[in-house]
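A short write-up of the structure that comes next.
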There are 2 protein chains.
Amino acid sequence: MVVQRNTWQRERVREALADARGFVSAQSLHATLRDENTGIGLATVYRALAGLAAQGDADSLQSPEGESLYRACATRGHHHHLICRSCGLAVEIEATDVEQWARATAAANGFIEAEHVVDIFGLCASCAAARASERDAD
Amino acid sequence: MVVQRNTWQRERVREALADARGFVSAQSLHATLRDENTGIGLATVYRALAGLAAQGDADSLQSPEGESLYRACATRGHHHHLICRSCGLAVEIEATDVEQWARATAAANGFIEAEHVVDIFGLCASCAAARASERDAD
DNA sequence: CGTCAAGTTGAGAACGATTATCAGTACCGC
DNA sequence: GCGGTACTGATAATCGTTCTCAACTTGACG
């Protein structure tokens with residue numbers, strides 16, 4: 001049974017995702033690959049990303065604007081992110097305390113099969129500096 | 001300057017939101033109001049919800065499926081939720097520790113203007129029980 | 001290397017949620 | 001009641017994502 005084939009498209013998506021410093025949307029990833037030369041299809045990018053996410057090679061989350069963002073993460077397994085809302089830069093963070101708190105809170109209220117969403121959005125140092133100098137320029 | 005007018009539509013949306021035990025989507029809220037009799041428009045529901053959320057009378061969050069969900073919350077000000085992914089029931093929770101952790105983590109990584117998303121999704125006791133008896137029935 | 005079955009691809013259609021448009025309406029202060 | 005203006009609602013438009021399906025690749029087998 002051939003479960004999955006290797007195609008250059010999937011490989012390119014994986015590379016592009018790895019090249020991106022932080023979280024990127026499927027749309028912008030597609031745009032990037034489009035620019036490079038490849039006539040890769042949007043649907044293929046979505047499929048590849050969904051596949052990567054499914055097998056744990058990528059993390060996905062919803063931006064506050066409702067887009068799905070993806071990232072190739074160094075840390076496999078459960079972890080959270082500190083994300084720059086300007087450039088998308090993401091820092092992987094552990095939150096052992098929060099995990100416990102989440103589990104305890106869920107249990108205390110009779111909830112089972114609890115999953116939690118814990119992410120921090122802000123401006124990274126670079127973007128903060130960039131914005132500060134923009135302000136100065138005004 | 002008339003800033004905002006009172007219309008029965010906005011009031012109905014507020015009521016319907018209050019009647020719902022937990023988070024509901026704009027779509028289902030519109031469906032509910034539609035059933036009641038009112039020929040209220042979908043756009044109006046969206047506008048009312050956005051308004052309520054803007055003035056702090058309602059909380060909004062994105063479901064894992066990408067829909068925007070709204071809820072009339074008893075607690076004004078910053079708080080988080082424990083949400084049943086089956087019936088939408090939501091429990092308001094305080095997470096002082098998590099707030100601090102979020103702030104500290106952001107600061108430690110040079111991030112400013114940090115906001116955090118902290119929500120727990122699970123199955124509430126009722127839904128868990130309901131599902132258990134369904135299982136038995138099979 | 002050629003063949004073949006089945007997984008993949010890509011263009012575009014389809015879809016669902018949300019937002020914008022705009023003429024008609026209802027609210028509010030006078 | 002009047003007038004101005006914010007609001008409404010039907011519909012179109014937008015945007016991200018998924019589906020469809022014919023054409024194409026890949027990989028196993030000989």
Side-chain angles (χ1 to χ4, degrees), chain A residues 1-17 20 22-55 57-71 83 85 88, chain B residues 1-17 20 22-55 57-71 83 85 88:
Chain A
M1 169 175 63
V2 178
V3 179
Q4 188 178 44
R5 294 178 180 173
N6 293 326
T7 62
W8 62 265
Q9 288 96 332
R10 227 194 300 269
E11 207 41 49
R12 270 294 180 59
V13 170
R14 189 191 296 270
E15 285 172 22
L17 193 60
F23 278 89
V24 286
S25 67
Q27 302 280 346
S28 71
L29 211 50
H30 176 235
T32 303
L33 290 169
R34 197 38 104 63
D35 288 347
E36 284 186 9
N37 59 43
T38 67
I40 194 168
L42 178 58
T44 302
V45 175
Y46 272 100
R47 277 185 292 242
L49 286 174
L52 288 171
Q55 60 189 89
D57 288 335
D59 268 20
S60 70
L61 62 80
Q62 306 247 0
S63 77
E65 289 77 37
E67 268 184 303
S68 287
L69 303 181
Y70 296 86
R71 178 166 196 259
I83 303 141
R85 74 167 71 89
Chain B
M1 171 174 62
V2 178
V3 180
Q4 188 179 44
R5 294 177 181 173
N6 293 326
T7 61
W8 62 264
Q9 287 95 335
R10 226 192 303 267
E11 207 43 47
R12 270 295 180 54
V13 170
R14 190 191 296 271
E15 284 171 24
L17 194 59
F23 278 90
V24 286
S25 67
Q27 301 282 345
S28 73
L29 211 50
H30 174 236
T32 303
L33 290 169
R34 197 39 105 63
D35 288 348
E36 284 186 10
N37 58 42
T38 67
I40 195 168
L42 177 59
T44 302
V45 175
Y46 272 100
R47 276 186 292 242
L49 287 173
L52 288 172
Q55 60 189 90
D57 287 334
D59 268 22
S60 70
L61 62 79
Q62 306 247 0
S63 77
E65 289 79 36
E67 265 185 306
S68 286
L69 304 181
Y70 295 85
R71 177 165 197 261
I83 304 141
R85 75 167 71 89

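Since the model is a prediction, treat every value here as computed from it, not as a measurement.
In this view, A/A58 and A/L17, A/L52 satisfy the side chain to side chain contact (heavy atoms under 4.5 Å, CB included) rule, not counting sequence neighbours. Partners of A/T38 according to the side chain to side chain donor-acceptor pair (under 3.5 Å) rule, which considers only residues two or more places apart in sequence or in another chain, do not exist here. Remark: A/A16 engages A/L29, A/L33 in a side chain to side chain contact (heavy atoms under 4.5 Å, CB included) (not counting sequence neighbours). The ring-ring contact (aromatic ring centres under 6.0 Å, His included) check on B/Y70 picks up nothing, with sequence neighbours excluded. Not counting sequence neighbours, A/S68 has no partner by the side chain to side chain donor-acceptor pair (under 3.5 Å) test.
When the C1' atoms of four end pairs are superposed on the next four at each end of the helix from C/dC1-D/dG30 to C/dC30-D/dG1, using five pairs per end, the two resulting axes differ in direction by 30°, to 10°.
Closest to the side chain of B/T44, out of C/dT9, D/dG9, C/dC28, is D/dG9. Of the candidate nucleotides C/dC27, C/dG10, D/dA10, C/dC27 has the atom lying nearest to any side-chain atom of B/R5.
When side chains are defined from C-beta on, B/V13 counts as touching B/I40, because their heavy atoms get closer than 4.5 Å.
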Along nucleotides 17-24 of chain D, 5' to 3', which nucleotides get a B, which get an S, and which get a -, given that the test is a protein heavy-atom distance under 4.0 Å?
BBBB----
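Among residues at least two apart or in separate chains, side chain to side chain donor-acceptor pair (under 3.5 Å) pairs with a member in residues 23-36 of chain A are A/S25-A/S28, A/Q27-A/Y46. Residue pairs that meet the salt bridge (Lys or Arg N to Asp or Glu O under 4.0 Å) test with at least one member in residues 57-69 of chain A, sequence neighbours left out, are A/R14-A/D57, A/D57-A/R76.
Remark: C1' of D/dC7 and CD1 of B/I40 are 11 Å apart, rounded to the nearest angstrom. Between the P atom of C/dT9 and the CD atom of A/E11 lies a distance of 12 Å, rounded to the nearest Å. The nearest whole Å value for the distance from the CG atom in A/L29 to the C1' atom in D/dG16 is 15 Å. In this structure, B/H30 places its NE2 atom 8 Å from P of D/dG9, rounding to the nearest Å. In this structure, B/W8 atom CH2 and C/dC28 atom P are separated by 15 Å, rounded to whole Å. Residue B/R10 contributes atom CZ, which lies 14 Å from atom C1' of C/dT25 at whole-angstrom precision. The separation between B/L33 atom CG and D/dT8 atom P is 12 Å, rounded to whole Å. Put simply, CZ on B/R14 is 13 Å from P on D/dC7, counting in whole angstrom units.
Residue B/T7 is classed as a sugar-phosphate contact, given heavy-atom separations below 4.0 Å to backbone atoms only.
With B/R10 contributing its side chain and B/R5 its backbone, the two residues share a donor-acceptor pair below 3.5 Å.
Taking 4.0 angstrom as the limit, A/N6 places none of its side-chain polar atoms (N or O) nearer than this to OP1 or OP2 of D/dT26.
For the pair B/Q9 and B/A50, both in contact range of DNA chain C, the more 5′-proximal nearest nucleotide belongs to B/A50.
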